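Values in this document were obtained by computation on a predicted structure and should not be read as measured data.
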Amino acid sequence: MKDLNLVPTFLWCLLLFPLHKAVANGVTPEETKQLRDEVREMFYHAFDGYMEHAFPLDELRPLSCEGEDTLGGYALTLIDSLDTLALLGDRERFTASVEWIGKNLRFDINKTVSIFETTIRVLGGLLSAHLIASDYATGMRIPSYDNELLDLAEDLARRLLPAFDTPTGIPFGSVNLKYGVDEHESKITSTAGGGTLTLEFGVLSRLTNDPIFEQVTKNAVRGLWARRSKLNLVGAHINVFTGEWTQKDAGIGTSIDSFYEYLLKAYLLFGDEEYLFIFQEAYSAAMHYLYNDPWYVEVNMDSAAIVWPLFNSLQAFWPGLQVLAGDIDPAIRTHTAFFSVWKRYGFTPEGFNLATLSVQHGQKSYPLRPELIESTYWLYKATRNPRYLDAGRDIVASLQYGARCPCGYCHISDVEFHKREDHMESFFLAETVKYLWLLFDLAVGPDNLVENGPYKYIFSTEGHLLPATPQISLLQEHCSYFGAYCNRDSLKEEPNASDKSADSQETNGSRVSEGWVRTRFPLDSSSFKASPVSGLIKGLCPGLTHAQKYGISYLASVDTPHEDNSAKQKDTVVQSQAIVVVSDQISNQSLSGDGNNNNVKESTEREPESDPSRS
């Protein structure tokens, strides 16, 4: 897509490089250790505040030092914090928390809850803690533990299943834990709400040997993708009964973001190539129609006409996802742009207007979101560029001086005036401080479960740790692409029909061949007999499309005008880009244009609020 040309070039320069901001001195090794310890103290300031003033209510009010029930009334913040306690090596509090939850938590309650939030926060938190507490290899095994959290997770998931009983397979947005779906429940849900359930439900199926959980969430993804537009774009909200899109704005932020995230991560965790096929096509379309280097906009899913030139804070997860996909160069540029907004205000507002270069009216808050920090961690892991430590230091300073409250950390209701709000989301402990701590611990020399543990981890959208254990990950699926390995030369991209110029190819092409991400999932040598493997990489070989392979093609929206624009569509259809997962035996692939040869050691990576779009 061509540049927006919404503002003069010099204004972009002022935004990206404000004149009044001095260049920060690099973070020293000693300062890195101090920052890691400071982030640890930040976690305990908030966690202890919650336990003392709010527990067992869901969340903390850090200004008034009180608690409030916000989701279901079952100690939400404690559940969301479990794997962070384990990551920090706090055996005593991790054990005590797991034991209390096992003895006291029950879901047979008359509460109507969000499918999305309950899945990513509660179900994900229970499963992650179970996998840590039940396994000696993690170093956090609890001797008295007897699968109590797994039993709770299964009970909770079965109470969520009635939401999936729809004609499209796409679930309702809410369900009553005791009585099922209310007859007056809205039939409109978000794309993220229906498409961000596969990791948690898939892990549960593999731990319980009951395929129903994985099946319903995969059907939901298929239901959404089957209703994509001819441009391979999805809208923001859909009717779960008719399949009609009620909001056709396509983007990578609010109401859609983690749909893209879980496509790639479901493939990485489960080895299911169908998710990879869909991700290939969805990512290619997003980079072609939504990417205005270095920003992303919202467009009409049918026509690709720009409808919203806005950076919203939920988009900030995207550079981190691009690292996992191996598309490093655009991730670096976009992160630089996003972080410039943080530098301007001290926080990222929920919305920043790219046309006026100002905070969007009505979107001035910063509810302690983790997405920008998450991408900072992944880019440092990929490049080892110290500027990401500088960014982390600035973020810590902003949180400490702008958001720290007597009993925890407060929402910022207005980033321009740094007004505080008496609320602290549970994801602050599940994600925000977790990614900050991992960033600085990685720089010091990591000694934690993620970087040095027995497994490689996928981070859920709530930051929960899901390990690629043999029981969960079908490792052989990572070794063969339906038995096909491609020569590296065969994966060179053909330029898009609508992107003929060299400049356009560089900005929108996202040249995957220049930014590999290595996975450290072991290859089972019995699954193939290629010799040698060094010249072969796993990827999207020429062949059947996803629709041909699985019989899933798009369904035109009922209310889509039947215009005779087939010729134009032929010119704008984008060929799928090859997002490649490279075997451990292929080494020395450069990850960035900075000349770094540090390879990403794959573990893998949210969304908030009741409106599924990152909490």
Side-chain angles (χ1 to χ4, degrees), residues 50-51 53-61 66-83 96-130 133 145-166 171-187 189 193-194 196-197 200-201 203-205 207-208 210 212-213 216-217 220 240 423-427 429-430 460 462 464 607-612 615:
Y50 165 76
M51 294 301 294
H53 300 289
F55 174 79
L57 301 181
D58 280 339
E59 292 179 322
L60 171 69
R61 301 182 66 184
E66 298 173 346
E68 59 182 334
D69 278 336
T70 54
L71 186 61
Y74 32 59
L76 171 65
T77 296
L78 181 62
I79 297 172
D80 230 359
S81 303
L82 288 175
D83 60 2
S97 299
V98 168
E99 290 179 344
W100 184 91
I101 291 170
K103 292 176 182 177
N104 296 279
L105 194 64
R106 296 294 178 269
F107 294 114
D108 185 22
I109 54 177
N110 183 15
K111 292 275 189 178
T112 298
V113 300
S114 161
I115 295 291
F116 171 78
E117 296 293 350
T118 303
T119 296
I120 67 171
R121 300 202 202 193
V122 183
L123 184 59
L126 292 172
L127 289 172
S128 177
H130 160 73
Y145 181 72
D146 189 26
N147 293 336
E148 291 89 351
L149 300 191
L150 178 61
D151 294 340
L152 284 169
E154 183 177 4
D155 176 58
L156 174 61
R158 291 196 185 281
R159 296 176 185 278
L160 301 181
L161 284 179
F164 293 86
D165 186 14
T166 67
F172 286 98
S174 301
V175 67
N176 186 285
L177 294 178
K178 192 168 189 176
Y179 300 112
V181 178
D182 186 85
E183 61 178 334
H184 302 297
E185 176 64 33
S186 171
K187 294 180 174 63
T189 194
T196 311
L197 312 169
E200 292 83 0
F201 276 70
V203 167
L204 182 61
S205 275
L207 294 179
T208 61
D210 188 340
I212 185 62
F213 307 110
V216 295
T217 54
V240 302
H423 185 61
M424 186 182 81
E425 293 272 6
S426 66
F427 61 71
L429 296 175
S460 77
E462 186 73 10
H464 290 309
E607 251 197 43
E609 291 161 8
S610 300
D611 173 27
S615 305

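Of the charged side-chain nitrogens involved, none lies within less than 4.0 Å of a carboxylate oxygen, so that Glu99 and Lys103 do not count as a salt-bridged pair. With respect to the salt-bridge test (charged N to carboxylate O, under 4.0 angstrom), the residues Lys111 and Asp69 do not qualify.
Side-chain contact between Tyr145 and Val98: present, with at least one pair of heavy atoms (C-beta onward) separated by less than 4.5 Å. Annotation: side chain of Leu60 is not in contact with side chain of Glu66 (no heavy-atom distance under 4.5 Å). Proximity of Leu150 to His130: side-chain heavy atoms (C-beta onward) are separated by under 4.5 Å at one or more points.
Considering Leu78, Thr77, Asp80 in turn, Thr77 is the only one that fulfils the side-chain contact (heavy atoms from CB on, under 4.5 Å) rule with Leu429. The residue from Leu57, Ile101, Asn104, Val113 that alone fulfils the side-chain contact (heavy atoms from CB on, under 4.5 Å) condition with Tyr74 is Val113.
Side-chain contact, Glu200 with His464: no donor N or O sits under 3.5 Å from an acceptor N or O. Counted by atom type alone, Glu59 and Thr70 present one or more donor-acceptor pairs between their side chains at under 3.5 Å. Side-chain contact, Ser205 with Asp210: no donor N or O sits under 3.5 Å from an acceptor N or O.
Contacts classified as salt bridge (Lys or Arg N to Asp or Glu O under 4.0 Å) and involving residues 173-184 (residues at least two apart or in different chains) are not found.
Atom CG of Asp151 is surrounded by more than 12 heavy atoms from other residues, nucleotides or ligands within 6.0 Å.
Between Phe164 and Phe213, a ring centre-to-centre spacing not shorter than 6.0 Å is recorded.
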Might you work through the side chain to side chain contact (heavy atoms under 4.5 Å, CB included) test for Trp100 and Phe55, ending with a clear yes or no?
CA-CA 12 Å; Trp100 184 91; Phe55 174 79; 3.4 Å; yes
